[in-house]
Amino acid sequence: RGGHGAQALDGYNPFVIEALGNSLFVAFISASLASVLGTLAAVGLQGIKGPARAIFDAIIYIAVMIPGIVIGIATLIALVTVFDVINPWLDRVWPEGGTAPKLSMGTPSLIAAHTMFTLALVVLIVRARLQGLEGALSEASADLYAPPLRTFRLITLPLIAPAILAGFLLSFTFSFDDFIIAFFVAGSETTLPIYIFSSIRRGVTPEVNAIGTMVMLASLVLLVIAQLILRRSDTRCSENREEPMQLKDRVACITGAGSGIGAAGAKALAREGAHVIVTDKDGEAAANVAAEITDQGGRIHLAQHGRRR
């Protein structure tokens, strides 16, 4: 009994090592693609309102709710249909004397299926984090004439990074553990869950028990880490919302600082210790406000038509 367990753990079974390598590779690539595409989709959906938003939300929730066997069969049918169209076309356009490549089930189809399934998870996690952010941050960046891409890179992306990492870990776990979808679209490739299923058909051996235990522990560790990352991120957001009046070392942006109301607000924030950024179309009026705050020992940053002084 101990010999079989050691064989699985020490790597003497080449089939286990190959299946494990395939599972890790597919899980990493599909989780990476799902994290990138899911983040872009979540950010894009923030600007969509009305019926279009409802349609996209329904598509995302359906991808999470429908059974895996339905996704597996639907993906199999879709890929076979596409291959039947593309393969004859490749034969016609391929140079004479050569052999055109044949598209078939394998690692690419498995990665595509897992990416499609885990993409919805990343969208839901990242969108929940985006909804908890303060819109004033992006508005302040726009007031300072920052391009949308720069705003996303310097403000939005660092704030949603924990959600992206949590989505990556969850996607990796779901892909690594998946059997149903992989069974339909893996073709001749063997992943670790498929190997375990094939081994169980011949009887439950100590080797299968050892592999199953390692897979379960690895999955639990990844899920716990993802949950801790999300909770830590939510805790930080709550702490920031509970202390709105602590202005020291904070940045405040005042648009229209040349007006009476804007000037008064800028001066009040500066007295509380905030680093004030003032903008106004009337550069002379904004400069006068900035000079008064500077004379009082406040920290000021003047921005006018995209130029900083």
* **Crowding at CD1, I69 (>12 non-hydrogen neighbours, <6.0 Å)** =>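 12 or below, so no.
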
* Decide if atom CZ of F28 counts as having more than 12 heavy atoms of other residues, nucleotides or ligands within a radius under 6.0 Å. =>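 Not more than 12 within 6.0 Å, no.
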
Do [X] and [Y] have side chains that get closer than 4.5 Å, going by heavy atoms?
| X | Y | answer |
| --- | --- | --- |
| P193 | F183 | no |
| E189 | I194 | no |
| L124 | Y61 | yes |

Name every donor-acceptor pair, under 3.5 Å, that has one atom in a side chain of residues 18-27 and the other anywhere in the protein, sequence neighbours excluded.
| from | atom 1 | to | atom 2 | distance (Å) |
| --- | --- | --- | --- | --- |
| N22 | ND2 | E18 | O | 3.3 |
| N22 | ND2 | T190 | O | 3.0 |
| S23 | OG | A19 | O | 3.2 |
| S23 | OG | L192 | N | 2.7 |

* Would you call the rings of F179 and F197 parallel, tilted or perpendicular, where under 30° means parallel and over 60° means perpendicular? ->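 The arrangement is tilted - the two ring planes meet at 30° to 60°.
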
* Those residues that, when tested against L220, pass side chain to side chain contact (heavy atoms under 4.5 Å, CB included) (two or more places apart) ->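 Checked L220 against side chain to side chain contact (heavy atoms under 4.5 Å, CB included); matches are M216.
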
How many angstroms lie between [atom1] in [X] and [atom2] in [Y], if you round to the nearest 0.5 Å?
| X | Y | atom1 | atom2 | value |
| --- | --- | --- | --- | --- |
| I125 | F168 | CD1 | CZ | 12.5 Å |
| L223 | F174 | CG | CZ | 7.0 Å |
| S109 | F83 | OG | CZ | 6.0 Å |

* Please determine which of D84, I77, L79 meets the side chain to side chain contact (heavy atoms under 4.5 Å, CB included) test together with T81. =>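 Going through the options one by one, the only one that passes is I77.
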
* Distance-only side-chain donor-acceptor flag, H114 / S175, under 3.5 Å ->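 Per modelled atom types, H114 and S175 side chains form a pair under 3.5 Å.
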
* Asked: Run the side-chain contact (heavy atoms from CB on, under 4.5 Å) check on L130 and T156 step by step: do they pass?
  -> CA-CA 8 Å; L130 285 170; T156 306; 3.8 Å; yes

* Asked: Are the side chain of T118 and the backbone N or O of A31 linked by a donor-acceptor pair below 3.5 Å?
  ->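 Such a contact is absent between T118 side chain and A31 backbone.
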
* **Polar side-chain atom of R53 near backbone of I48 as donor-acceptor pair, under 3.5 Å** =>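 Yes, the answer is positive, given that a donor and an acceptor are paired below the 3.5 Å cut-off.
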
